[in-house]
There are 2 protein chains.
Amino acid sequence: MSLLKDRGRSAVSRSGVIYRGLRQAISDHALLPGDKLPEDTIGERFGASRTLVREALMRLKAEGLVDMQPNRGAAVARPSLDEARHIFAARACLEREVMATLAVSITPRQLAALEAQVEKERDADGKDGLESIRFAGAFHVLLAEMSGNRVVARYVDELVSRCALIIALYGQPHASDCAVSEHRSIIEALRERNGAQAAKLMAHHLGEVEGRALLAQPSRRPDIGDILGRYALRRPRPATGAKAASESPEAGRENRRR
Amino acid sequence: MSLLKDRGRSAVSRSGVIYRGLRQAISDHALLPGDKLPEDTIGERFGASRTLVREALMRLKAEGLVDMQPNRGAAVARPSLDEARHIFAARACLEREVMATLAVSITPRQLAALEAQVEKERDADGKDGLESIRFAGAFHVLLAEMSGNRVVARYVDELVSRCALIIALYGQPHASDCAVSEHRSIIEALRERNGAQAAKLMAHHLGEVEGRALLAQPSRRPDIGDILGRYALRRPRPATGAKAASESPEAGRENRRR
DNA sequence: ACACGAGTTTTCGTATACAAATACGTCTCA
DNA sequence: TGAGACGTATTTGTATACGAAAACTCGTGT
């Protein structure tokens, strides 16, 4: 109990580190929907007590990234198909607003930043799936932040993260969820200050993303094995390897909240 | 009604009780923006330990209803004017979406429920200021829930609560924030399944609310004293001897923050 | 073989303990 | 009188303790 673990007293709250770590892991599909998140394990991994882990988990729960059930702990959320549609609808609604605002207020500097972002997307496209996913959302979050409306930006950020869950659950293995070309044309519309066009393009773009994420999916059952494989690889939890058979039925019923 | 609030466990999670209690107090303007929320005091009052109080506070923080600063605890949030505008913009955006959805999907039963709600508003109007405020937001939350989009409903609920803060901070003492007649015409537009009209009415309605809450306000700076007066009245803090002089320095500090 | 139970282990819910940070009040010294 | 120094009381941050609810284990009876 005399262990002095604290080095520099960083301004960043310790639970914030855990929060960001988990959030990133979820966004990166390193943690997959349904993955259990035991407080002890996480605390161990991050060198913190359950108190802080709980803080982080509750924050993630508030954002809809994890589910917590009374006495059985936290798990990465598994949004139902309905929920997924609701999320896309909300995104469309908010991002339309962002377009309308930005078409009026956007500056050359911001346009340049957007282009730089798309450039990063292009570089990662097809090469690094992980980076690709990461950048995909970043473009939308960047747009929302540029709109200057913090409230909207927070919601967009939240929804974009949740889309990562949806894609992990229902999307093709390597579906790039955002097309670079679509992002480019959105930037063009903004440059011309054509808000209506930008809004239309964004709506179309999100429709495409939703289509790739949801419509393509119902047929894809076999993938579950793949998913569990990756899961087992990532989590050095030895014994449960053979459970794929018992897991698949419930995975098929994506509406089931386990 | 239970659609949103279900975060609190059916087994009445104890922190949920605290959460709802505080939330209600804030919505009712029983707690005013800037009011300090010490963990011990709250825990005592609710018969729970700080652990649970913290849970509740963090939830409220996630919703933007309280601010927490590193080592100096929680306080009811004081949204800036900019933030207030952002909140109204987000509301307008989301509630427009709600109108569009509802114009298509609304049922006679739902229309009846809305009318019942407005009836309650009318009864309370002018009579009981507290109930009036409470019902004002409820109408909007009810609409959002009826839209079936849980995600949007959660956001609207959050934003409506935050509007209570804004009205407390910037609004006239007894400004009824929602006009019953405006709610009525919205219902009519929905009954006729005229989505465009409903959206337009809602936008106008929110514009009115925002106007009453904000535009009326910029000139009204001296009001801060008024606000603090109400604050002092409401909090039976005996020790300070109700010294106006002793309150004013802290008033200056609070004021600075915005 | 299978279903079922008792005991054990894990994980959660909540209170409490204690250190660090802050706020408060007092005393001293110009 | 006023400004700082210093000690004390409050309040927060985090870990830990402990009972209780699940999950798991394994042995038993049919």
Side-chain angles (χ1 to χ4, degrees), chain A residues 1-19 34-61 66-76 235 237-243 246-247 250 257-258, chain B residues 7-19 34-61 66-76 235 237-241 243 245-247 249-254 257:
Chain A
M1 64 186 66
S2 55
L3 286 178
L4 297 182
K5 67 221 71 173
D6 61 327
R7 51 242 179 143
R9 190 148 216 69
S10 47
V12 286
S13 78
R14 311 225 280 117
S15 83
V17 173
I18 303 174
Y19 164 78
D35 277 7
K36 189 72 192 51
L37 300 169
E39 299 173 358
D40 290 344
T41 310
I42 297 172
E44 228 166 82
R45 186 75 63 169
F46 281 92
S49 78
R50 283 177 50 217
T51 306
L52 297 183
V53 174
R54 258 166 157 265
E55 261 180 47
L57 287 176
M58 289 185 335
R59 236 166 114 184
L60 292 165
K61 172 188 160 194
V66 320
D67 279 346
M68 292 177 83
Q69 272 167 309
N71 261 303
R72 59 194 56 175
V76 179
R235 299 267 296 184
R237 187 72 71 90
T240 61
K243 291 309 173 198
S246 81
E247 295 265 348
E250 85 182 76
R257 189 71 54 84
R258 44 164 313 180
Chain B
R7 290 225 206 309
R9 227 45 242 147
S10 53
V12 264
S13 92
R14 313 226 283 116
S15 84
V17 173
I18 303 174
Y19 164 77
D35 276 7
K36 187 74 191 52
L37 301 170
E39 299 174 357
D40 292 350
T41 310
I42 298 172
E44 226 166 82
R45 187 74 62 171
F46 282 91
S49 79
R50 283 177 49 219
T51 306
L52 297 183
V53 175
R54 267 174 149 256
E55 259 180 50
L57 288 175
M58 290 186 333
R59 242 164 108 182
L60 291 166
K61 173 187 163 194
V66 320
D67 279 346
M68 293 177 84
Q69 271 166 308
N71 262 303
R72 59 193 57 177
V76 179
R235 297 270 294 185
R237 187 75 70 88
T240 58
K243 289 310 172 206
S246 83
E247 296 265 346
E250 111 180 52
R253 275 190 71 255
E254 305 274 18
R257 186 196 163 280

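Lettering follows sequence order; numbering is per chain, from 1.
Contact check, B/Arg50 against D/dT14: no side-chain N or O comes under 4.0 Å of OP1 or OP2. Regarding contacts with the backbone of D/dT10, every side-chain N or O of B/Arg72 stays at 4.0 angstrom or more from both OP1 and OP2. Distances shown here put every side-chain N or O of A/Lys36 at or beyond 4.0 Å from the OP1 or OP2 atom of D/dA23.
By the 4.5 Å heavy-atom criterion applied to side chains, A/Arg45 and A/Ile42 are not counted as neighbours. For the pair A/Glu55/B/Met58, a side-chain contact is recorded, criterion being any heavy-atom separation below 4.5 Å from C-beta on.
Going from atom CG of A/Leu37 over to atom P of C/dT11 covers 13 Å, rounded to whole Å. In this entry the distance linking CE of B/Met58 with P of D/dT14 reads 11 Å, nearest Å. Taking atom CE of A/Met68 as the reference point, atom P of D/dA22 lies 15 Å away to the nearest angstrom. Spacing between atom CD of B/Gln69 and atom P of C/dT22 amounts to 11 Å, rounded to whole angstrom units. As a whole-Å value, the separation of B/Glu39 CD from C/dT22 P is 15 Å. In this structure, the CG atom of A/Asn71 is 16 Å from the C1' atom of D/dC24, given to the nearest Å. We find that CG of A/Leu57 is positioned 9 Å from P of C/dC12, with the value rounded to whole Å. When rounded to the nearest whole Å, the span between CG of B/Asp40 and P of D/dT12 equals 6 Å.
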Task: Test side-chain contact (heavy atoms from CB on, under 4.5 Å) applied to A/Met68 and A/Val66, step by step - done: CA-CA 7 Å; A/Met68 292 177 83; A/Val66 320; 4.2 Å; yes

Task: Evaluation steps, side-chain contact (heavy atoms from CB on, under 4.5 Å), between A/Tyr19 and A/Leu60 - done: CA-CA 7 Å; A/Tyr19 164 78; A/Leu60 292 165; 3.6 Å; yes

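Checking C/dC12, D/dT16, C/dA15 against the side-chain heavy atoms of B/Ser49 singles out C/dA15 as nearest.
When each of B/Thr51 and B/Gly73 is assigned the nucleotide of DNA chain D bearing its nearest heavy atom, the one mapping closer to the 5' terminus is B/Gly73.
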